[in-house]
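What you see below is based on every heavy atom in this structure, not just the backbone, and it leaves out hydrogens, waters and symmetry mates. Only a predicted model underlies this, so the values are computations on that prediction, with no experimental measurement involved.
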Amino acid sequence: MLIPHDTRIALDTVVDLLNTAPESEPPASGRPEAGPVDGLAGIEALYDFARRHRISGVGELDEKDLRAVRDVRTRFAAIFATDDARTAASLVNTLVAAAGTTPQLSNHDDYDWHVHYFAPDASIADHLAADCGMALAFIVVAGEQERLRRCEAPDCRHAFVDLSRNRSRRYCSSRTCGNRLHVAAYRARRKEAAG
């Protein structure tokens, strides 16, 4: 599947935003009193997220911005959760329309020409909703919605976009979740064979 560079960046941003949600965190091992942690626990975490993803035009952020970004995160989660293209399209349309999209060509920082879908001076939430919402729209239009996935490891709910040729990726990371489960299955087979 050929995905334009700016769409790929937006999809990575969606995934990272989804993975800040407390429900995407694995249970705190050995610490039953510690529950899942929100990766957007405060304004500083939101600034860090914006810097990490090089979100342009971010000015002063406040609690209102934090609540709005968390709301966008919840809306993205609903898009990932549905396997029905019609429902996904409706969710994306609602999200993008509420962001007040204003498509325009831009070349800033080290990026060549690309499309920004957010209006000038948009809030960070509208910026994310517009640009990332359009990236999700690209996936739905391409008939590739099944590529929007959650990790199949029983103790992980991280989101990811499966960009494998045959749509066979099952884990958010083959190095962590995938490898951990393969080792556990190997040990179980060895134990069964020895027993």
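Residues that satisfy the ring pair (Phe, Tyr, Trp, His ring centres under 6.0 Å) test with Phe160, not counting sequence neighbours, are absent from this structure. With sequence neighbours excluded, no residue forms a ring pair (Phe, Tyr, Trp, His ring centres under 6.0 Å) with Phe76. Under the rule for a salt bridge (charged side-chain N to carboxylate O under 4.0 Å, His left out), Glu63 has no partner lying at least two apart in sequence or in another chain. Not a single salt bridge (charged side-chain N to carboxylate O under 4.0 Å, His left out) links Arg165 to another residue, sequence neighbours left out. Residues satisfying the salt bridge (charged side-chain N to carboxylate O under 4.0 Å, His left out) criterion with Asp71, sequence neighbours excluded, are Arg75.
Across all their heavy atoms, Gly39 and Ala45 have their closest contact at O-CB, 3.4 Å. Looking at every heavy atom in both residues, Val72 comes nearest to Ala125 through CG2-O, 3.7 Å. The two residues Ala159 and Asn19 have their closest heavy-atom pair at N-OD1, 2.6 Å. Between Gly133 and Val92 the shortest heavy-atom distance is O-CG1, 3.4 Å. Across every non-hydrogen atom of Val58 and Ala50, the tightest pair is CG2-CB, 4.0 Å. Between Cys177 and Cys172 the shortest heavy-atom distance is SG-SG, 3.8 Å.
Cluster membership for Phe138 and Leu163, using ILVMFWY side-chain heavy atoms within less than 4.5 angstrom, is shared. Taking hydrophobic clusters as Ile, Leu, Val, Met, Phe, Trp and Tyr residues chained together by side-chain heavy-atom distances below 4.5 Å, Leu148 does not share a cluster with Val141. Under the 4.5 Å side-chain heavy-atom criterion for grouping Ile, Leu, Val, Met, Phe, Trp and Tyr, Val140 is not connected to Leu91 through any hydrophobic cluster.
Rounded to the nearest 0.5 Å, atoms CD1 (Ile43) and CG (Leu61) are 6.5 Å apart. A distance of 8.0 Å separates CG in Asp131 from OG in Ser56, rounded to the nearest 0.5 Å. Summarising the geometry, atom CG belonging to Asp16 is positioned 11.0 Å from atom CG belonging to Leu11; distances are rounded to the nearest 0.5 Å. Between the CH2 atom of Trp113 and the CG atom of Asn107 there is a distance of 4.0 Å, given to the nearest 0.5 Å. Remark: Ile9 CD1 to His53 NE2 distance equals 10.5 Å, nearest 0.5 Å. For the atom pair CG of Leu95 and CG of Asp126, the computed distance is 9.0 Å after rounding to the nearest 0.5 Å.
Side-chain contact between Tyr47 and Glu60 is present, with at least one heavy-atom pair separated by less than 4.5 Å. For the pair Leu128 and Leu17, the minimum side-chain heavy-atom distance is below 4.5 Å. Contact check for Leu136 versus Gln145: no side-chain heavy atoms found under the 4.5 Å cut-off.
A 6.0 Å sphere centred on CZ of Arg8 holds no more than 12 heavy atoms belonging to other residues, nucleotides or ligands.
Screening Leu40, Thr74, Thr20 against Val69 for a side chain to side chain contact (heavy atoms under 4.5 Å, CB included) leaves a single residue, Leu40. Screening Gln104, Met134, His127 for a side chain to side chain contact (heavy atoms under 4.5 Å, CB included) with Phe118, the sole residue that qualifies is His127.
Listed for the Arg167 side chain is no donor-acceptor partner under 3.5 Å among the backbone atoms of Glu146. Listed for the Arg147 side chain is a donor-acceptor partner under 3.5 Å among the backbone atoms of Ser164. The backbone N or O of Asp65 sits less than 3.5 Å from a side-chain atom of Asp62, completing a donor-acceptor pair. Checked by atom type and distance alone, the side chain of Thr7 never pairs as donor or acceptor with a backbone atom of Ile3 at under 3.5 Å. Between the side chain of Arg149 and the backbone N or O of Arg169 there is at least one donor-acceptor pair closer than 3.5 Å. Looking only at distances, no side-chain donor or acceptor of Asp38 sits under 3.5 Å from a matching main-chain atom of Pro22.
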Which atom pairs, one a donor and one an acceptor, fall under 3.5 Å between side chains of residues 78-87 and the rest of the protein, sequence neighbours left out?
| unit_1 | atom_1 | unit_2 | atom_2 | d |
| --- | --- | --- | --- | --- |
| Thr82 | OG1 | Asp84 | N | 3.2 |
| Asp84 | OD2 | Thr87 | N | 2.8 |
| Asp84 | OD2 | Thr87 | OG1 | 2.6 |

* To do: Test Glu152 against Arg157 for salt bridge (charged side-chain N to carboxylate O under 4.0 Å, His left out), laying out the working first.
  => CA-CA 7 Å; Glu152 291 183 19; Arg157 294 291 304 141; over 6 Å; no

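Using a 4.0 Å cut-off between a side-chain N of Lys or Arg and a carboxylate O of Asp or Glu, Asp162 and Arg170 do not qualify as a salt bridge.
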